[in-house]
*Asks:* 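I have a structure here, written as structure tokens, and I will follow up with some questions on it.
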Amino acid sequence: GERGLACATYRAIHLPTGSEVALKIFHIADHSAKEDSTLLPREISTAQDGHVCRGFLPVYEAGWCDDLVYVATNFIAGGSLRSLLENSPSGVDREIVLEIFGQVAEALDTYHHNTGNIHGNLKPENILLEKGSQGYQVFISDAWTAAIPNCKQANESYAAPETWQDNASPVAKTEIY
């Protein structure tokens with residue numbers, strides 16, 4: 001069968017800083033996958049530099065514990081683009097759409113140019129929104145999931161068709177799709 005992982009997300013307190021965080025815990029189904037864990041610290045350290053890539057969710061801490069991978073990120077109380085869409089039965093105002101997608105495009109471009117990486121799993125659930133007096137601020141989450149062994153990346157509903165042909169790897173131009 002397909003080797004994959006199960007994920008649970010919790011609202012928690014990061015004890016060293018006292019900050020409220022989203023704590024994601026992944027159970028690695030393939031116990032031998034930990035042998036590939038050398039990738040995880042490099043990708044997480046890239047994500048921990050989230051302040052360099054404006055628009056990406058900063059990572060407080062991450063690591064392995066037995067067959068679990070944990071990642072603590074900022075907690076964004078505003079919800080996701082998915083929740084905004086679901087709570088807007090008559091549609092989202094054009095100006096809000098332009099504001100959100102402008103920030104998403106800028107963040108993806110900056111991330112790719114600063115790190116050489118692509119997100120690989122961009123979908124409404126991974127676009128978090130914080131509404132303030134100046135409008136929405138976008139935070140893209142889960143850019144580091146590519147580092148988790150056996151983590152199926154692109155969601156077929158949102159991936160460019162060429163990423164599903166011949167098991168092609170996503171590239172920067174497919175992120176825009």
Side-chain angles (χ1 to χ4, degrees), residues 7-26 40-63 69-148 151 153-155 157-160 170-177:
C7 171
T9 303
Y10 303 93
R11 192 171 180 173
I13 300 295
H14 185 247
L15 295 177
T17 63
S19 299
E20 191 171 24
V21 296
L23 179 63
K24 284 196 167 193
I25 299 176
F26 298 85
L40 188 62
R42 178 178 56 84
E43 295 295 334
I44 294 298
S45 67
T46 297
Q48 285 173 321
D49 292 336
H51 62 279
V52 173
C53 297
R54 185 170 182 259
F56 274 77
L57 195 60
V59 173
Y60 280 94
E61 187 176 329
V69 173
Y70 66 90
V71 180
T73 64
N74 279 3
F75 177 78
I76 305 299
S80 68
L81 178 58
R82 164 71 58 219
S83 62
L84 176 66
L85 294 171
E86 288 175 349
N87 293 321
S88 304
S90 60
V92 178
D93 182 69
R94 180 178 185 271
E95 295 304 315
I96 293 172
V97 170
L98 292 174
E99 174 187 357
I100 291 170
F101 282 98
Q103 289 182 56
V104 168
E106 183 179 341
L108 289 173
D109 184 54
T110 301
Y111 181 68
H112 177 68
H113 280 93
N114 286 358
T115 69
N117 297 328
I118 61 167
H119 188 284
N121 191 20
L122 194 63
K123 56 188 176 184
E125 294 81 0
N126 288 342
I127 299 172
L128 305 179
L129 307 171
E130 194 77 87
K131 189 171 183 180
S133 61
Q134 301 292 318
Y136 285 96
Q137 183 174 0
V138 169
F139 297 93
I140 298 174
S141 69
D142 294 1
W144 39 265
T145 56
I148 299 175
C151 181
Q153 280 296 292
N155 180 313
S157 299
Y158 303 105
V171 294
K173 68 181 182 179
T174 61
E175 293 260 270
I176 304 305
Y177 180 83

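Count residues from 1 along the sequence.
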*Asks:* How far apart are the closest heavy atoms of S80 and P124, and which atoms are they?
*Replies:*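 Smallest heavy-atom distance, with atoms named: CB-O, 3.6 Å.
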*Asks:* Please report the interatomic distance CG(L57) to CG(N126), rounded to the nearest 0.5 Å.
*Replies:*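 Rounded to the nearest 0.5 Å, the CG-CG separation comes to 10.0 Å.
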*Asks:* Does the side-chain contact (heavy atoms from CB on, under 4.5 Å) test come out yes or no for L122 and V104, once each step is laid out?
*Replies:* CA-CA 10 Å; L122 194 63; V104 168; 4.1 Å; yes
*Asks:* Just how far is it from atom CZ of F56 to atom CG of L128, taken to the nearest 0.5 Å?
*Replies:*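 Reported to 0.5 Å precision, the distance equals 11.5 Å.
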*Asks:* Who pairs with T9 by side-chain hydrogen bond (donor to acceptor under 3.5 Å, both in side chains), at least two apart in sequence or on another chain?
*Replies:*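 Listed in chain order: nothing, the list is empty.
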*Asks:* Would you mind listing every side-chain hydrogen bond (donor to acceptor under 3.5 Å, both in side chains) that reaches into residues 10-20, with sequence neighbours excluded?
*Replies:*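 Pairs touching residues 10-20 that pass the test: R11-E20, H14-T17, H14-E61, T17-S19, S19-Y60.
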*Asks:* Given L129 and V138, is the side-chain contact (heavy atoms from CB on, under 4.5 Å) satisfied, shown in steps?
*Replies:* CA-CA 5 Å; L129 307 171; V138 169; 3.8 Å; yes
*Asks:* Atom CD in Q137, atom CD in E130: separation rounded to 0.5 Å?
*Replies:*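 Nearest 0.5 Å value for the CD-CD distance: 7.5 Å.
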*Asks:* Kindly list each side-chain donor-acceptor pair under 3.5 angstrom involving residues 84-101, sequence neighbours excluded, with atom names and distances?
*Replies:*
| unit_1 | atom_1 | unit_2 | atom_2 | d |
| --- | --- | --- | --- | --- |
| N87 | ND2 | S83 | O | 2.9 |
| S88 | OG | L84 | O | 2.7 |
| D93 | OD2 | E95 | N | 3.2 |
| E99 | OE2 | Y136 | N | 2.6 |

*Asks:* Which heavy-atom pair separates G55 from A107 by the least distance, and what is that distance?
*Replies:*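 Smallest interatomic distance, heavy atoms only, reads CA-CB, 4.0 Å.
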